[in-house]
Undergrad: 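One structure is given below, represented as C-alpha cells, and several questions about it will come after.
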Amino acid sequence: MAARAARRLLIVLMSVGVYSGVSLSLNVDDDSSGVTVSPVRSPRRSPRSTTTRAPDITMVYPVMNVFSGNVPAYCLPGDPSQRINGHLVPDYYSSPTIQRDGDGSIRLKWSTGEEDTARGVVCDAPGAPPHYNVSAPLMKLGALYVPEQLSVTVSEGEDLRLRFKMLYTAPRQFVWQKEPVTSNDWQSSTLTDDDQLIIPADKLNGSGFYSVIPLTASFTPGINKRLFGTFSLLVRECPAGRYGEGCSEWCPDCMSGGACHPLTGECVCPPYLSGDRCQTRCNTTVMGRDCTVELWEPRGKQVCLPHPLGCHCAPGYTGHTCTTECGGGRWGVECSQSCRHHCQGDCHPHNGHCHSPGPADCAGGDLGLPRLRRPPQVINVSWTTARVTFDGWDPGYDDGHKDADHVITYTLRCWITDEGAGKAFSQTASPGQPNTVRDLQPATGYSMQVLLQVSRGGRGQACVADGTGRERVHTVSFNTSCPDIPEAPSWINVSEVTNNSFLVTWQDLPYKTKCRLQYALGIWLGLNDQVYLYVRVDEASYRVSGLQPYAHYNVKVLSATSTAYSTEQLTDVKTLPQAPGKVTNLKVQEAASSFTVTWDGPHDTPPRGQLQAFTVSWQQQGTHQWNTANVSANTKSYIIQNLPENIIYMIKVAAKNTQVKVYGPETQVSAQTRPGKPSPVRNLRELSVTTDSVEVAWDPPTDPAGALVLYQASARVVSGQATQEEVIHHNTTAIITQVEFSGVHTGVEVEVKVWACNSLQCSDWTVERYWTRPQPPQVTSELQWLTDSNNSITISLPDVSSFPVYQWVVVTRAGEDSESAEEVGTRAKSLVRGLQDTLRQVEGAQEGAQEGAQVKRKSKAGMEEWVAARLYQEADNITQEFVVGDGRVWGGYHNYQLQTGASYWLTVITETTAGPHREMVVSPPHRYTVNTTACAALYLGLVLAIELLVELAAFFLWRRRSHTEAGLTISDKLDTRHHLPHGTVQLPAHGDHPPPERLQCL
C-alpha cells in the first residue's frame, strides 16, 4: 500500500525566506519500485534583501487528498543561503531527518509508522511569522470522509462550510475536533442534504488541522486514526475586506482570486499571477510572487500557498484529482474566474490571458475599471431619507485604472435589501459632500453602492463596474427609522363579499413590525352612520362577519402607534343578497283536476335582496317525485293542471332573490283534487245463467276520477214471456266487481246495467243483454206408428204440455248390425245440435241459398241419417200427425222418401229455446220397415182375383204418379220455398239422391 501511494504522490515545497529567497522541494522516492520523481528547481537569481520582503512559500504535490506512507520532502529556496525546515503535526512526533543538497534544497524524511497517525506536514522559513508557513493535511487511502478542498479560508465571524465525499457507506452523523485531538473534545454534527459540514463561527478554534470521524460506538479514535478525514482551516484575523491593526484598514481589490493578507494588506496571488493587485499574468509554465518558480506539468497537481490562500488544484484544473481542465470560458484556481469579465472571447485556462479577438471593451485593463477602495458612509438616516458621503477616486489609493482622457461620474445605487439589487433605484452623486437619498420606506433595510461611470469626455461608450464582474464594489447597509406619525394604509380592497361577511385587505406597511404598528379598522352601516365594528389588528387584512344581507357598509382603515394615528382611508361595500324568507298567506283553490295556488311575498325586514322569482312544487301523496314550475316575481299565483281527481297533494312555494343561487325556505300546504266523473266500467260479461238468475262481472273503469266508493247494477226483462218490465237493483263495494240477479223469469232476455261511483259522481252505464235458460220441454208421450205406404210412414208425434217448442224428426236407416235405441237417440241429438250450431254460424250469410236442401250424413256405423223436419209447435197450432218420407220440405229440411222394404229408426227430439240457450228431450227411437204388401200380391195374384185387380189399379196409378215426378229436376223438387218460414237457411244437398222412380220388389 505504501509503495502504491508513494507512486501517486509528489510534494514540492518552495520557499522564499524572510532573510533570503528560499525554495523547498519534497520528492517521493520509492526504493522498492525504482521510481524517482524529479524535484521542482528554484531559478538561479541573485539574492534579495531579507529585510524588505516576506517569505514566498509554495507547495506542489500530485495527489489532492491522499498521501502516501513514507514521504520524503525537498525544499528548494529561492536564495541558496535561506535555511528551510519541515515538521509534522501534531508536534509531538519526531522531527524529520534533513538532508541538504548543494543548491540549497533539503530532503525531509520521517520514521515509518508516523504517517499513519500524523495529521499534516508544514514547511516554514526560520524566524518568519506562522501565517507565512505552507501546510498540507495528511490522510490515508482508507479515510471515511474526504473533504472537497484540503484548505478552507474564512474571515472573522464567518461560518465554516465544507462539502465532503463519504467513502464505504460512512454514516452522516459524525464528530469533529481540531488537532491535536483529545478524547473529550469531540463536537457532534450531521451532514446536510448536499453533504456539507457547517460549523458556526463561535465554535471554531482558529487556524489549524481539523479531523472528522464517524459518530459510532464501534469507532475508536485512538486506534483508527488512519481512517480520519482531515482538512486545513485558515481563519483570517479580520472581517472580509479589512486588514491591519484592529482591522482598521480596507484591503485593496486583489484581482482574479487573490486574497488580502490580514496583517499587511498585501495581495497574496494565486499561481500564475503576481503584482501588488495580482494584475500581472506569468508565463503559463512559471509561478511565484515574481513568476520565477517553474511548474511544467500542472495537471493532477495540488498547489499550497501561504495564508490566506491555502491548497487548491493548479490553476486551469479542478476535481478531486485535479485532472479536469476548465472549460466553458472559465479559468484560474478551481476554474472560479470567467473569461467574459475581461475578454471578448475565451482565455487561457491557467492565467486568463485573452485569446483573439482580445480584451473586452469595458475591461478596464489588468486592474479593471475604477472603483472605490473604501465603501461610502451613510449619515443622518431618518424614516424616509439618508445622507451619504464618499471621497473621489484616487488613482494612488483606490482600485482600477483610468486613462488621462477618461471622465468619471458618480452614481448612488440603492435598493431594499430583502428585495435584491434587481429592484434598485439610482441617482447622481458628488464626492466630498453629503448626498441625500429621499422617499425611502421607514424602518426598512437598504443596501447602497457608489458606482463610477467612466467615459471618454462624455463621448462614446460609458463603462461602469457594478460588482457583478471581476471587480469588487463595496456595498453598505443601513436601516431607516420609524416615523413619528405613521403612513396611512394604501390599496384598500374589499373582496370575498358574501351576504353576511367580506374581507378587507390593504397594503401592509413594510416597517409595521419594526415600528410596532397596528391597524385600526372601522365598519358602520350606511346612511344611519351606525357603528358596527371598531377593532385594532396586526395583519393587513380582516374578515368582517355577522353583517346584514343586502346592506351598504362604509369601511375605514388607519395605521396607528401607541400614541398616534395616520389619516384614514375610506371605501364602501354592499353585502350580497340572501335567500328571502318564507312566502305568506299561501292558499289553494281546489278543483277536480287542478289547483289554483295564490300567495303573498316574504315580509323581510330589512329586505334581504330583490325578488327575482318564485318556485311552485307539488307532489302526489305516496310518491317521491316533485314537479316544479317557476313564476316571475310579479306573479303571485299559479294554476296546477291535468291532475287526477280525488288525490291528495303536498304543495310548496318558495321565493328567490337576484344574485342568490338558492331559494328561501318553503311554505307548505296540502290539498286534494275533487273527484270527477268516472269512466264506464269495462268488459261487462256473463259469468253464469240459470233458469231464474243471471250472474255478471266487469272490470274497473280506466279513469275512476277519484277513489271509487261503490258499483251500482240493475237488471230488467226486455223480452220473453214477462207480462211487464221488472227492475232489480244491486249495490256493491268498490272492490267487488260481480253481481248475481236472481228471481228472474225463465227463458227471458234481461238487460243489465252497471255504474261506477266515487264520492261525488257516477259514470255512464255499461249495458249488456243476457237470456235466462228455458225450462226443458214437458213431453208426455212417445211417438206412435199410425200407418205406412210403399215409401212413407205416418207417425203420431209425442205430446207436450209446455209451449212453444220445436220438434225435430230424425230418420236413421237401420243397418244390418243390431243397434240399440239409446245409441240411435244419442246420434240423433248430436245431429240436431250440430245442425243448429251450423245454422247460427251461416244464418244470413248465404242469401238466396236453396231451401229444403239437406245433407245425409253417414253415422260412425255407416248408416245414413238426416233430419226430416223441424216443426214449430204452439199451444193453438199443433201438428199431431206427420208423414215421414212425403218428399216435402219441413222447417227448412227435406223429408226424403223412404225405400220400400227398408228399415228405419225414427227419433223425435222436442226442444225449447231462449236466446242462445236450448233444452232438448229425446223421445225413445222406434224402428220401422217400409210396407212390402204390393210385391207379395204379384206373387199371390192367383189367390184372390178381385184383390189382384185392386192392386193392379193401384199399381198403375202409382206408376203414373212416379213418371210424373220423374220428369221434374232436383231444382223443381226443391222449389217449395213458399212453404218455408222466412229466414230458414238451407244446406247444400251434396251426395243426396232423388226418391226412386218406382218400388222394386225384392
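In this chain, numbering begins with 1 at the start of the sequence shown. Worth knowing before you read on, the calculation uses all heavy atoms, side chains too, and leaves out hydrogens, waters and symmetry mates.
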Undergrad: When rounded to the nearest 0.5 angstrom, what distance separates OG1 in Thr318 from CD in Glu334?
TA: 4.5 Å

Undergrad: With side-chain contact (heavy atoms from CB on, under 4.5 Å) as the criterion, how do Phe390 and Tyr410 come out once you've worked through the C-alpha distance, each side chain's angles and the decisive distance to 0.1 Å?
TA: CA-CA 10 Å; Phe390 57 91; Tyr410 299 89; 3.6 Å; yes

Undergrad: Please set out all donor-acceptor pairs under 3.5 angstrom arising from side-chain atoms of residues 421-429, sequence neighbours excluded.
TA:
from, atom 1, to, atom 2, distance (Å)
Gln427, NE2, Thr436, O, 2.9

Undergrad: Under a 4.0 Å threshold between the charged nitrogen and the carboxylate oxygen, would Arg163 count as salt-bridged to Asp194?
TA: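 So Asp194 pairs with Arg163 through a salt bridge.
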
Undergrad: State the CZ-OH distance between Arg374 and Tyr397, to the nearest 0.5 angstrom.
TA: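 Reported value, rounded in 0.5 Å steps: 4.5 Å.
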
Undergrad: Determine which pairs satisfy ring pair (Phe, Tyr, Trp, His ring centres under 6.0 Å) with at least one residue from residues 345-377, sequence neighbours left out, and list them in order.
TA: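 Those involving residues 345-377 are Tyr272-His350, Tyr317-His350, His348-His350.
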
Undergrad: Within 45° of the ring axis of Trp331 and under 6.0 Å from its six-membered ring centre, is that where the NZ or CZ of Arg281 lies?
TA: yes

Undergrad: Out of Cys278, Cys260, Cys254, which residue meets the disulfide (SG to SG under 2.5 Å) rule with Cys267?
TA: Cys254

Undergrad: Can a donor-acceptor pair be found, under 3.5 Å and without considering hydrogens, that links the side chain of Asn205 to the backbone of Lys178?
TA: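 Looks like no, no N/O pair under 3.5 Å.
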
Undergrad: side-chain contact (heavy atoms from CB on, under 4.5 Å) with Arg340: which residues, sequence neighbours excluded?
TA: Ser338, Asp346

Undergrad: Would you find a donor on one side and an acceptor on the other, under 3.5 Å apart, between the side chain of Thr480 and the backbone of Thr444?
TA: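 Present.
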
Undergrad: Rounded to the nearest 0.5 Å, what separates atom OG in Ser566 from atom OH in Tyr519?
TA: 9.5 Å

